[in-house]
Number of protein chains: 2
Amino acid sequence: MFELDFRSRKAIYLQLVDKLKQLIIKDVLKDDEKLPSVRELAHQLTINPNTIQKAYRELESQGYIYSVKGKGSFVHPSKKLENVEELKKVREQLKKLLAEAIYLGMTAEEIESLINEVEGGEKYD
Amino acid sequence: MFELDFRSRKAIYLQLVDKLKQLIIKDVLKDDEKLPSVRELAHQLTINPNTIQKAYRELESQGYIYSVKGKGSFVHPSKKLENVEELKKVREQLKKLLAEAIYLGMTAEEIESLINEVEGGEKYD
DNA sequence: TATCTGTATTAACATGTGTAGTACAGTATT
DNA sequence: AATACTGTACTACACATGTTAATACAGATA
């Protein structure tokens, strides 16, 4: 499903959160699609189930997935604009990052072409 | 100079890196301006000098400041486009964040107005 | 010389991350 | 009812990272 960097200083469960979020955003994982079970994904990635659960819990708290005891974890349908807190956080992060990008020399045109590239979300890297 | 959140899960030295980077980007700290000394800033913020040094070291490795033994630490003049590695990192981060923002409901127009807001860097929050 | 600067090293402690094992509760299948 | 799957919770341990503390050294400055 994806690869992890065990040498990275970034925590494994946060790498997982990031990767899964990307898959959801890019619509590789569809609305209400079932994610691998905690134990199954742990086995696939040869890491501990607790670590998977930690990532799933984080994704759930951010509104990207929902979990049902006994059934599994699923992609939360993206009724846009519903997750207001996340949106506020992302807007602040974006503001900072845009300022940094411009400081480092990116032009507004470059950034706008990045937006176009990303818009629609049908790019799978 | 600024405030820190000691309850935050984010490391203090990383908060420092972030805050100082913002001040440099927004031109509050001018080219070659002297930063507070390691010990002085540590005293002001009532944290350990080692933590300040760790932040300064990180900022230096990212090209935002330079340090001279016996003299102090100073803002690195921002010859734009020179720090290619940082720019690449920021571009990748930006791409991810833009995708996330759009997923959460932000429009291209909103993002472009954010760019205009940030461009020039004369906003001090 | 005295005092400022950055830098380095060591030890101690707290916190966060990851693993391991176990357990419980809800769901589905047979 | 039995079995096997699901998420969830908990304890314990090991390890890495973050932070403090104390000390020391070297370069700059007055």
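By convention in this document, chain letters (A, B, ...) are assigned in the order of the sequence lines, proteins followed by strands, and residues within each chain are numbered from 1. As the structure is a prediction and not an experimental result, all values here were calculated from the model.
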For A:Lys34, all residues meeting salt bridge (Lys or Arg N to Asp or Glu O under 4.0 Å), sequence neighbours excluded: none
For A:Tyr64, what residues pass the side-chain hydrogen bond (donor to acceptor under 3.5 Å, both in side chains) criterion, not counting sequence neighbours? B:Glu100
Take atom CD of A:Glu60 and atom P of D:dG7, then tell me their distance rounded to the nearest Å. 11 Å
Results of salt bridge (Lys or Arg N to Asp or Glu O under 4.0 Å) for B:Asp18 - residues two or more places apart only: A:Lys96
For each nucleotide in nucleotides 19-30 of chain D, reading 5' to 3', give B when a protein heavy atom comes within less than 4.0 Å of its base, S when such contact involves only the sugar-phosphate, and - otherwise. SBBB-B-BBSS-
Donor-acceptor pair, distance only, cut-off 3.5 Å: does the side chain of B:Gln15 make one with the backbone of B:Lys10? yes
Using side-chain hydrogen bond (donor to acceptor under 3.5 Å, both in side chains) as the criterion, list what pairs up with B:Asp31, not counting sequence neighbours. none
When A:Arg9 and A:Ser37 are each assigned the nearest nucleotide of DNA chain D, the 5'-most assignment goes to A:Ser37
CZ of A:Arg57 versus C1' of D:dT8: gap in Å, rounded? 8 Å
Just the table, please: protein N/O against nucleotides 1-4 of chain D N/O, every pair under 3.5 Å.
none

Residues at least two apart in sequence or cross-chain that pass salt bridge (Lys or Arg N to Asp or Glu O under 4.0 Å) with A:Glu86, listed by chain then number, are A:Lys89
Expressed in angstrom and rounded to an integer, what is the separation of B:Leu4 atom CG from D:dG18 atom P? 16 Å
List for me each residue that meets side-chain contact (heavy atoms from CB on, under 4.5 Å) alongside B:Thr51, sequence neighbours excluded, and say none if there are none. B:Ile12, B:Tyr13, B:Ile47, B:Asn48
Taken in chain and number order and not counting sequence neighbours, the residues that satisfy side-chain hydrogen bond (donor to acceptor under 3.5 Å, both in side chains) with A:Ser67 are A:Ser73
Partners passing salt bridge (Lys or Arg N to Asp or Glu O under 4.0 Å) against A:Arg91 (at least two apart in sequence or in another chain): B:Glu110
Kindly determine whether B:Val75 and B:Leu23 satisfy side-chain contact (heavy atoms from CB on, under 4.5 Å), including the steps that lead there. CA-CA 10 Å; B:Val75 175; B:Leu23 293 180; over 6 Å; no
Distance, rounded to the nearest Å, where A:Lys34 contributes NZ and D:dT6 contributes C1': 7 Å
Roughly how many Å is it from CD in B:Glu58 to P in D:dG18, rounded to a whole number? 10 Å
Interface limits on DNA chain C, where chain A has a heavy atom under 4.0 Å of a nucleotide atom: C:dT17 to C:dA28
Those residues that, when tested against B:Arg57, pass side-chain hydrogen bond (donor to acceptor under 3.5 Å, both in side chains) (two or more places apart): none
